[in-house]
There are 2 protein chains.
Amino acid sequence: MPPMPIQQSPNQNHLLAALPAAEFERLAPHLEPVEMLLGDVLYESGGLLQHVYFPTTAILSMHYVMENGSSSEIAGVGNEGMLGISLFMGGNTTPSRAVVQTGGQGYRLKAQLMVQEFKRAGLMQQLMLRYTQALITQMSQTAACNRHHSLVQQLCRWLLLTLDRMPTNELIMTQELVASMLGVRREGVTEAAGKLQQAGVIRYRRGHITVLDRSGLESQVCECYAVVKKEFARLLPDVRQPQDIFLPPQPAQGEAVVHTIDRSRSRK
Amino acid sequence: MPPMPIQQSPNQNHLLAALPAAEFERLAPHLEPVEMLLGDVLYESGGLLQHVYFPTTAILSMHYVMENGSSSEIAGVGNEGMLGISLFMGGNTTPSRAVVQTGGQGYRLKAQLMVQEFKRAGLMQQLMLRYTQALITQMSQTAACNRHHSLVQQLCRWLLLTLDRMPTNELIMTQELVASMLGVRREGVTEAAGKLQQAGVIRYRRGHITVLDRSGLESQVCECYAVVKKEFARLLPDVRQPQDIFLPPQPAQGEAVVHTIDRSRSRK
DNA sequence: CGGATTATGTTGGCTAGCGCACATACGCGG
DNA sequence: CCGCGTATGTGCGCTAGCCAACATAATCCG
């Protein structure tokens with residue numbers, strides 16, 4: 001069937017929704033609704049950014065492709081955020097590329113208008129900067145997670161983050177694709193997903209992954225998911241939050257820390 | 001011997017040096033020279049930022065410490081950059097901690113003054129945002145590198161990045177410390193460093209690592225180093241660049257590494 | 001309906017890096 | 001100049017995840 005033009009509204013994107021009326025009105029006429037298909041490349045590595053994107057139902061993904069062909073996701077962008085921060089950060093390009101991870105809708109805004117609005121130094125600017133800060137947390141957490149946690153844990157993290165950006169609990173996505181997101185082999189994903197299916201947490205068939213038991217994911221995921229969620233909640237509190245946020249027993253921030261650089265990685 | 005008060009000047013920091021005269025003059029009276037000792041913790045995870053730091057001879061490091069005690073460097077900050085971006089990005093804290101990786105001098109600026117200056121939306125702001133963008137590249141490249149490259153390659157990358165921030169070619173640093181930076185075992189570093197020493201590229205003794213042959217490092221390092229360097233050069237071209245820059249076949253010059261520090265919270 | 005395409009399952013061998021448990025030796029401080 | 005504290009060297013078993021080469025099966029499409 002043809003892609004039916006589903007109704008969407010800009011305020012399905014949390015950042016747009018959080019804009020004060022005045023700023024929103026100024027932008028609204030220029031928000032161009034776009035349909036994005038799975039696999040579409042929105043930014044090529046090193047290319048100039050023509051638009052910024054505010055997904056509503058689509059999910060986007062920033063990638064880095066290495067010389068040897070392997071790739072890793074750097075960060076994902078759903079209706080909680082936007083794609084194209086490097087525009088107002090000063091470079092007009094990024095060394096990463098951006099692709100559509102889940103087909104759907106969104107809005108885009110011409111680069112020049114975005115920069116213009118940013119330079120007004122209003123709430124829009126503040127919002128964008130805070131979002132960027134949250135994105136930085138997500139990226140650095142991913143770096144640490146890549147290093148220290150198992151594939152299954154990382155898969156759980158990725159599924160939860162993706163789930164939070166979705167209206168349903170079914171991802172349209174091959175294991176191959178998931179593998180390229182996590183930067184691992186497809187077989188590795190098959191194995192990890194197999195374990196989760198065995199545990200009754202997910203079910204999958206050709207190109208579809210359905211989450212049956214969200215709390216099952218939460219019980220296996222590493223701390224990284226909660227850290228990212230918490231930081232988003234802290235930085236963008238006024239922004240509508242996904243239904244259920246996973247925040248374990250965590251009492252407060254300001255944990256017991258050692259005084260010098262951690263020298264005993266094996267101290268449990 | 002006592003730590004002799006070595007002469008330093010704010011323009012030894014590339015970001016400060018790149019400020020237009022007017023903005024620099026405004027800030028100068030408030031730049032407070034500080035001596036930072038190896039191991040000092042400038043920001044604790046989740047703590048409030050009291051100052052931003054502009055290293056001149058010191059090298060700082062942003063870390064993330066995981067629940068199981070293992071840790072990874074997220075980004076380093078030397079005289080090419082500053083510590084404390086989350087201040088003007090909107091959060092007043094970061095989930096990461098910042099420590100002194102190489103003792104030395106620098107300047108710090110009270111948080112409030114920094115924010116004030118940033119809000120003037122002058123060149124200072126632009127500079128800070130560009131720096132942040134470069135930092136993002138460094139972080140995401142690290143994430144990908146963690147995933148796809150060997151320990152030796154990563155060690156080379158780290159050594160080169162650190163070298164670029166140093167006046168000499170000798171790091172005061174134990175293998176244990178390097179290990180905690182890279183997020184690997186100490187024994188792994190011993191092995192990797194052993195290989196490099198065997199190849200005549202470095203020499204080390206108890207707590208000292210001397211780089212004998214920079215080009216040797218460059219020939220073994222992965223692409224990640226060049227990507228980061230190139231991005232810094234692109235985003236901060238007006239900023240004074242370190243002496244020798246590694247950019248293989250590339251015509252353009254490029255170099256500048258970013259780091260941020262703040263010792264406000266725990267001072268020994 | 002049937003064949004081509006593509007996603008997933010499986011297997012075996014391989015290696016990097018982990019964890020642990022030491023041995024050794026450097027060099028600072030008394 | 002001696003000695004202890006700590007940085008470094010090594011060895012061994014182990015495991016996660018890699019690489020390659022398939023077998024099987026679901027879906028698309030003619």
Side-chain angles (χ1 to χ4, degrees), chain A residues 1-2 38-39 66 68-72 144-158 170-198 202-210 220 222 258 260-268, chain B residues 1-2 38-39 66 68-72 144-158 170-198 202-210 220 222:
Chain A
M1 58 188 117
L38 185 128
M66 319 227 69
N68 64 14
S70 58
S71 76
S72 290
C145 192
N146 279 354
R147 169 71 75 200
H148 297 290
H149 296 137
S150 75
L151 211 168
V152 178
Q153 288 181 304
Q154 295 184 44
L155 178 58
C156 288
R157 170 176 58 84
W158 188 86
E170 179 178 347
L171 325 192
I172 314 263
M173 174 135 297
T174 73
Q175 298 185 355
E176 181 83 47
L177 204 41
V178 176
S180 85
M181 295 287 169
L182 296 179
V184 299
R185 285 179 322 144
R186 195 263 314 162
E187 291 92 327
V189 173
T190 300
E191 187 190 331
K195 284 182 193 164
L196 291 179
Q197 175 154 257
Q198 203 115 31
I202 66 174
R203 177 163 35 92
Y204 57 87
R205 44 177 251 273
R206 272 210 147 211
H208 298 248
I209 306 180
T210 308
Q220 295 204 43
C222 48
V258 218
T260 40
I261 294 179
D262 172 67
R263 55 182 24 179
S264 58
R265 312 179 353 94
S266 51
R267 184 181 309 161
K268 301 221 164 147
Chain B
M1 62 190 113
L38 184 126
M66 318 226 70
N68 65 13
S70 58
S71 75
S72 289
C145 193
N146 278 355
R147 169 72 75 202
H148 296 289
H149 296 138
S150 76
L151 210 168
V152 178
Q153 289 181 305
Q154 294 183 45
L155 178 57
C156 289
R157 169 175 60 81
W158 187 86
E170 178 177 348
L171 325 192
I172 316 266
M173 176 136 294
T174 73
Q175 297 184 358
E176 182 83 48
L177 205 42
V178 175
S180 87
M181 296 286 169
L182 296 179
V184 299
R185 282 182 322 148
R186 195 265 314 162
E187 292 91 326
V189 173
T190 300
E191 189 190 330
K195 283 183 194 164
L196 291 179
Q197 175 155 256
Q198 203 114 32
I202 66 174
R203 176 163 36 92
Y204 58 87
R205 44 177 252 274
R206 274 208 148 210
H208 298 249
I209 306 180
T210 307
Q220 295 203 44
C222 48

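Letters A, B, ... mirror the listed sequences (proteins, then strands); counts begin at 1. All figures in this text were calculated on a predicted structure; none of them were measured in a lab.
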Exercise. Take the protein atom CD of B:Gln154 and the nucleotide atom C1' of C:dC18, then report the distance between them rounded to whole Å.
Key: 15 Å
Quiz item: For the base of C:dG19, is there a side-chain donor-acceptor partner from B:Arg186 under 3.5 Å away?
Solution: no
Quiz item: B:Gly188 near the nucleic acid: base, sugar-phosphate alone, or nothing, with a heavy-atom cut-off under 4.0 Å?
Solution: nothing
Practice problem: Find the distance A:Ile209:CD1 to C:dA7:C1' and express it as a whole number of Å. | Solution: 12 Å
Exercise. To the nearest 0.5 Å, tell me how far A:Tyr204 OH sits from A:Gln175 CD.
Key: 5.0 Å
Practice problem: Would you indicate, yes or no, if D:dG9 has its OP1 or OP2 atom less than 4.0 angstrom from a side-chain nitrogen or oxygen of B:Tyr204? | Solution: yes
Practice problem: Check the distance between D:dC28's C1' and A:Ile172's CD1 and give it to me in whole angstrom. | Solution: 15 Å
Quiz prompt | Given DNA chain D, 5'-ward residue of the pair A:Leu151 and B:Met173, judged by closest heavy atom | solution = B:Met173
Exercise. Measure from the side-chain heavy atoms of A:Arg185 and tell me the nearest of D:dA20, D:dT10, C:dG9.
Key: D:dA20
Quiz item: How close or far is atom P of D:dA23 from atom CD of A:Glu187, stated in whole angstroms?
Solution: 15 Å
Quiz prompt | Spacing of A:Glu176 atom CD relative to C:dT5 atom C1', expressed in whole Å | solution = 14 Å
Self-check item: Integer-rounded Å distance: C:dG17 C1' and A:Asn146 CG
Solution: 16 Å
Quiz prompt | Approximate separation, where rounding is to 0.5 Å, of B:Arg205 CZ and B:Glu170 CD | solution = 6.0 Å
Quiz item: If each of A:Arg147 and A:Gln197 is mapped to the nucleotide of DNA chain C with the nearest heavy atom, which maps nearer the 5' terminus, i.e. the 5' end?
Solution: A:Gln197
Exercise. Consider the side chain of A:Thr190, meaning its heavy atoms from C-beta on, and name the nucleotide among C:dT10, C:dG17, D:dT8 that approaches it most closely.
Key: C:dT10
Quiz item: When the distance from NE2 of B:His148 to C1' of C:dG17 is rounded to whole Å, what number comes out?
Solution: 17 Å
Quiz prompt | Residue A:Thr174, side-chain heavy atoms: nucleotide from C:dG17, C:dA7, C:dC20 that is nearest | solution = C:dA7
Quiz item: Nearest nucleotide by nearest heavy atom, which residue falls closer to the 5' end of DNA chain D, A:His149 or A:His208?
Solution: A:His149
Exercise. Taking the side chain as every heavy atom from C-beta outward, state whether A:Ile209 and A:Val178 have any atom pair closer than 4.5 Å.
Key: yes
Quiz item: How many Å lie between CG on A:Leu182 and C1' on D:dG17, as a whole number?
Solution: 13 Å
Quiz prompt | Closest listed nucleotide, where the reference is the side chain of B:Gln175 and the choices are D:dG9, C:dT8, D:dT10 | solution = D:dG9
Practice problem: Have a look at A:Glu191 and say if it touches a base, only the backbone sugar-phosphate, or nothing, with a 4.0 Å heavy-atom cut-off. | Solution: nothing
